[in-house]
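Side chains are part of it too, since the values below use all heavy atoms of this structure and drop only hydrogens, waters and symmetry mates.
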Amino acid sequence: MAKKMKSLGGRSLSKKTSNANNMNALLQEAQKAQLQMQKEIEEMENSLKDLEVEATAGGGVVKVIATCDLRIKDIIISEELEEEDFDTIKDLIIAATNEVVQKAIQLKEEKTNEISEKYLGQLPDLGF
């Protein structure tokens, strides 16, 4: 005995195929954007070693210079501190170092967000 086919209810099979093709194209586009974004973030992270930030403490008597990959390049201590005790100088160095590290982290986050927004803004609205 032959199987009975149920009615498609006026629906076209080609429409389902078209929607699947659109979804596949959308997924491929998203994957391509993700790869481009990852590449750009890697390039940005590599460039951080050349990008410098600086911070001062004690009204500028201590200056710390660091790269955005969180490496301290230089600590400059004014001669004005010659007569200060070691603990005061140490506290100023710590304060300037903490500030410069915070600046480097913030700059890296800003650059990462710029790249993310660039690529996430390209994705079409899925209407969810």
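- Listed by chain and number, the hydrophobic cluster partners of I65 are I76, where partners are ILVMFWY side chains within reach of under 4.5 Å, directly or through others.
- Residues meeting the salt bridge (Lys or Arg N to Asp or Glu O under 4.0 Å) test with K63, sequence neighbours left out: E54.
- For the pair I105/E109, a side-chain contact is recorded, criterion being any heavy-atom separation below 4.5 Å from C-beta on.
- Listed by chain and number, the residues in a side-chain hydrogen bond (donor to acceptor under 3.5 Å, both in side chains) with Q28 amount to none (sequence neighbours excluded).
- With sequence neighbours excluded, no residue satisfies side-chain hydrogen bond (donor to acceptor under 3.5 Å, both in side chains) with E114.
- Applying the side-chain contact (heavy atoms from CB on, under 4.5 Å) rule to K32 yields the partners Q36; only residues at least two apart in sequence or on another chain are considered.
- Of the inter-residue distances, the one linking T112 atom OG1 with M37 atom CE reads 9.5 Å to the nearest 0.5 angstrom.
- Under a hydrophobic-cluster definition in which Ile, Leu, Val, Met, Phe, Trp and Tyr are linked whenever side-chain heavy atoms come within less than 4.5 Å, directly or via other members, I72 and L92 are assigned to the same cluster.
- Evaluation of the side-chain contact (heavy atoms from CB on, under 4.5 Å) rule for S78 yields V61, E80 as partners, not counting sequence neighbours.
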Using a 3.5 Å cut-off and no angle test, enumerate the donor-acceptor pairs between side-chain atoms of residues 41-49 and protein atoms at least two apart in sequence or in another chain.
from	atom 1	to	atom 2	distance (Å)
N46	ND2	E42	O	3.4
S47	OG	M44	O	2.7
K49	NZ	N46	O	3.4

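- Not counting sequence neighbours, the partners of K73 by the salt bridge (Lys or Arg N to Asp or Glu O under 4.0 Å) test are E52.
- Legend: residues meeting side-chain hydrogen bond (donor to acceptor under 3.5 Å, both in side chains) with N98, ordered by chain and number and at least two apart, are absent.
- Applying the side-chain hydrogen bond (donor to acceptor under 3.5 Å, both in side chains) rule to D74 yields no partners; only residues at least two apart in sequence or on another chain are considered.
- Pairs engaging residues 95-104 under the salt bridge (Lys or Arg N to Asp or Glu O under 4.0 Å) rule: E99-K103 [sequence neighbours left out].
- Contact annotation: the side chain of V64 never approaches that of V101 to less than 4.5 Å [non-hydrogen atoms, C-beta and beyond].
- Linking ILVMFWY side-chain heavy atoms closer than 4.5 Å, directly or via other members, places I94 and I75 in two distinct hydrophobic clusters.
- E84 is linked by a side-chain contact (heavy atoms from CB on, under 4.5 Å) to L81, T88, I89, counting only residues two or more places apart in sequence or in another chain.
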